[in-house]
Protein chains: 2
Amino acid sequence: MPASIKDVAKEAGVSIATVSRVLNDVDVVNEETKKKVLEAIDKLGYRPNIVARSLKTQRTKTIGIIIPDISSQIYPEIVRGAEDVANIYDYNLMLCNSDLDPEKEMEYLRVLREKMVDGVLYMSTSLEPSILELINKLQIPMVLIETTSKEGNIPSVTIDNEKAAFDAAEYLIKKGNKKIGYIGTHEDAVNASALRYTGYKKALLENNLKVDDKFAYFGGLKSQDGYEGMLSILEKDTVDAVFCASDEIAMGAINALRDKGMKVPEEVDVIGFNNIYSAAIFYPKITTIAEPMYDMGSVGMRMLIKIINKQEVELKNYVLKHELIERNSCK
Amino acid sequence: MPASIKDVAKEAGVSIATVSRVLNDVDVVNEETKKKVLEAIDKLGYRPNIVARSLKTQRTKTIGIIIPDISSQIYPEIVRGAEDVANIYDYNLMLCNSDLDPEKEMEYLRVLREKMVDGVLYMSTSLEPSILELINKLQIPMVLIETTSKEGNIPSVTIDNEKAAFDAAEYLIKKGNKKIGYIGTHEDAVNASALRYTGYKKALLENNLKVDDKFAYFGGLKSQDGYEGMLSILEKDTVDAVFCASDEIAMGAINALRDKGMKVPEEVDVIGFNNIYSAAIFYPKITTIAEPMYDMGSVGMRMLIKIINKQEVELKNYVLKHELIERNSCK
DNA sequence: TTGTATGCGTTATCAG
DNA sequence: CTGATAACGCATACAA
């Protein structure tokens with residue numbers, strides 16, 4: 001049993017109130033007694049019990065972070081960014097993997113509330129009405145990362161996915177490519193990555209290129225999807241270039257092209273999305289749209305802490321800048 | 001302000017004691033009143049306050065997990081394994097990134113104690129005396145992952161790093177390679193990956209191959225280290241094969257070989273370690289020693305929870321099996 | 001400047 | 001079977 005404030009009080013020969021005062025550096029307390037208390041604290045190796053403190057102050061100094069899956073390639077960096085900022089302000093992170101399962105998300109939201117976290121950083125794809133309703137009921141400070149709520153009434157930090165995809169596709173077009181494929185999320189999906197198809201399409205149209213479904217493959221964001229997607233497109237026609245909605249897709253697509261005896265970038269340009277760690281290690285190094293993962297986490301956390309402290313946030317919906325990184329998978 | 005047990009009691013017309021009883025399903029309580037209470041709970045949308053409960057029961061149902069860096073390539077899977085098991089037993093995870101800084105590790109240990117976590121999953125490289133001392137003082141259930149304490153008195157889950165490296169090196173030898181390089185941690189380092197050099201050396205010696213320092217490059221575990229290490233070795237001599245203490249090193253080494261115009265595996269065999277996600281996506285796909293990351297996390301968590309519940313654990317120091325995965329970076 | 005007392009929301013002990 | 005009530009460890013309003 002660790003020492004409590006009571007033990008310290010007894011040891012120092014003062015009341016627990018006084019101990020509490022020096023602990024929190026509040027009110028004025030005589031230098032003499034302060035010293036006595038400090039000595040007692042030191043002697044007993046006393047450390048405050050934050051659970052008890054939390055119950056009293058109604059603040060736990062911990063923040064919940066809900067992500068689809070920490071073992072995927074893109075979330076660890078976001079989490080790291082969040083933790084680094086949290087750390088500065090003496091917050092800890094409670095990590096929750098939802099697997100994008102709305103039921104799990106809701107359960108975590110409830111548990112986080114029960115554990116009285118001061119706020120939640122929430123990453124999901126779609127925000128179903130039932131979840132929105134729960135969020136509303138829970139009354140817990142929250143910021144969305146990578147998503148926005150329909151009405152934009154929940155603070156968020158994202159990138160402009162449509163514009164980013166537009167930039168990527170236009171880059172491919174500027175290189176002189178005409179037949180440009182797409183591998184990624186279906187445009188009807190209600191999440192951020194679906195906007196990438198919209199951006200891709202817009203770039204083609206604005207440049208008087210026709211959008212043909214035979215050049216598009218809709219599936220997941222994994223390398224397997226890229227591999228299969230590339231093969232599927234190749235069965236129908238040849239392509240000059242491919243826009244991939246994720247770097248993993250790009251890697252899979254490049255592997256498929258290689259297996260078909262086609263050279264990247266000599267014969268086909270491939271551009272990815274995300275700029276995950278291995279994009280720069282892969283051969284060829286992948287030209288891609290860099291999403292500021294770390295910054296999304298840190299900016300999101302910073303905003304959340306402001307909200308928790310009831311400070312004004314200038315901008316409710318941050319849109320961070322993306323960047324096209326030229327490497328070796330495009331001519 | 002959310003409803004408390006008091007509100008429920010008033011709503012149901014019973015005492016808070018009774019509400020608590022139905023909440024925890026303890027003692028016998030009249031079906032009739034139980035129903036009333038349940039209705040009140042439902043009506044008010046009552047959820048227990050776990051912070052208050054924790055203060056009373058002295059159990060928080062949360063577990064601290066200290067890792068070097070979540071944004072590195074190997075920890076996310078361990079964390080995921082840990083979380084999945086934690087989830088089953090209604091525990092949550094408090095994530096702490098230490099960057100292998102002993103000071104940070106100790107600070108986290110203290111804060112986790114203050115927040116009354118029920119246990120800690122601890123990943124570090126070296127356990128300095130000062131940390132051991134703190135651990136001892138804190139009296140908090142703990143299991144080590146990827147490391148062991150000198151005396152083996154702290155429960156742990158690891159793989160046999162020396163044997164794994166031995167297997168990898170012997171695999172290279174069996175392929176007929178004579179001049180086998182090593183890129184990785186220095187043998188004097190006091191952590192798990194240093195044992196890989198020991199295993200590598202042992203394999204060479206047992207097979208009557210001489211160990212020559214010009215074939216060894218000691219550095220970090222990143223791809224950059226692999227790239228530079230390969231170049232450095234190549235300056236002194238040619239090699240038939242290279243044992244890399246991590247997959248990232250292997251990727252860097254392969255890129256260096258490629259830049260030097262040498263083909264993998266036709267001219268040089270390269271074997272990695274860890275089996276990180278991108279090892280199977282890289283070109284060529286990397287032959288490697290697979291560490292059961294997910295299992296280390298889940299087994300560790302399982303063990304920790306047993307310890308927390310004061311159940312007997314049959315084995316204090318688990319050694320999980322590694323596996324050599326043959327892919328395309330070796331002939 | 002310091003101490004007493006109350007309550008944060010629970011669980012658990014003790015009577016009834 | 002149920003209701004008071006005392007902790008759990010701390011912060012704080014109010015007295016002194």
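The shown structure was predicted, so the numbers you read here are calculated from the model rather than taken from an experiment.
OP1 or OP2 of D:dT12 has not a single side-chain nitrogen or oxygen of A:S20 nearer than 4.0 Å. For C:dC8, neither phosphate oxygen OP1 nor OP2 lies less than 4.0 angstrom from any side-chain nitrogen or oxygen of B:S4.
The NZ-P distance, from B:K34 to D:dT2, rounds to 11 Å in whole Å. Here C:dT10 presents its P atom at 16 Å from CZ of B:R59, a figure rounded to the nearest Å. In this structure, CZ of B:R113 is placed 12 Å from C1' of D:dG9, rounded to the nearest angstrom. Separating the CE atom of B:M116 from the C1' atom of C:dT10 is a distance of 12 Å, rounded to the nearest angstrom. Residue B:N49 contributes atom CG, which lies 7 Å from atom P of C:dG9 at whole-angstrom precision. The CG-P distance, from B:L55 to C:dC8, rounds to 14 Å in whole Å. Atom NZ in B:K115 sits roughly 16 Å away from atom C1' in D:dC10 (whole-Å rounding). Taking atom CG of residue B:N24 and atom P of nucleotide C:dT13, one finds them 12 Å apart after rounding to whole Å.
Few gaps surround CD on B:E151; more than 12 heavy atoms of other groups in view lie less than 6.0 Å from it. Around the CD atom of A:E107, the shell of radius 6.0 Å holds more than 12 heavy atoms that belong to other residues, nucleotides or ligands. In the displayed structure, A:E32 atom CD is contacted under 6.0 Å by at most 12 heavy atoms of other residues, nucleotides or ligands.
Backbone-only engagement by A:T33 is indicated by non-hydrogen atom pairs under 4.0 Å involving sugar-phosphate atoms exclusively.
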Report each atom pair, protein N/O against N/O of nucleotides 3-7 of chain D, whose distance is under 3.5 angstrom.
| residue | atom | partner | partner atom | Å |
| --- | --- | --- | --- | --- |
| D:dG3 | OP2 | B:S15 | N | 3.1 |
| D:dG3 | OP2 | B:S15 | OG | 3.2 |
| D:dG3 | OP2 | B:T18 | OG1 | 2.6 |
| D:dG3 | N7 | B:R21 | NH2 | 2.6 |
| D:dG3 | O6 | B:R21 | NH1 | 3.2 |
| D:dA7 | N3 | B:K56 | NZ | 2.8 |

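Salt bridge annotation for A:K34-A:D25: present, with a cationic side-chain nitrogen under 4.0 angstrom from a carboxylate oxygen.
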Working for side-chain hydrogen bond (donor to acceptor under 3.5 Å, both in side chains), residues A:N87 and B:Y108: CA-CA 10 Å; A:N87 216 0; B:Y108 271 128; 3.2 Å; yes
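Comparing B:A52 and B:D27 by the nucleotide of DNA chain C whose heavy atom lies nearest to each, the residue mapping closer to the 5' end is B:A52. Closest-nucleotide positions on DNA chain D for A:K6 and A:L23 were compared, and the one nearer the 5' end corresponds to A:K6. Comparing B:Q58 and B:N30 against DNA chain D, the residue whose closest nucleotide sits nearer the 5' end is B:N30.
A:Y122 pairs in a side-chain contact (heavy atoms from CB on, under 4.5 Å) with only one of the listed residues (A:L112, A:I131, A:L304, A:T147), which is A:I131.
Closest to the side chain of A:R53, from the set C:dT10, D:dA11, D:dG9, is D:dA11.
The closest side-chain donor-acceptor pair between B:Y75 and B:N97, if any, does not fall under 3.5 angstrom.
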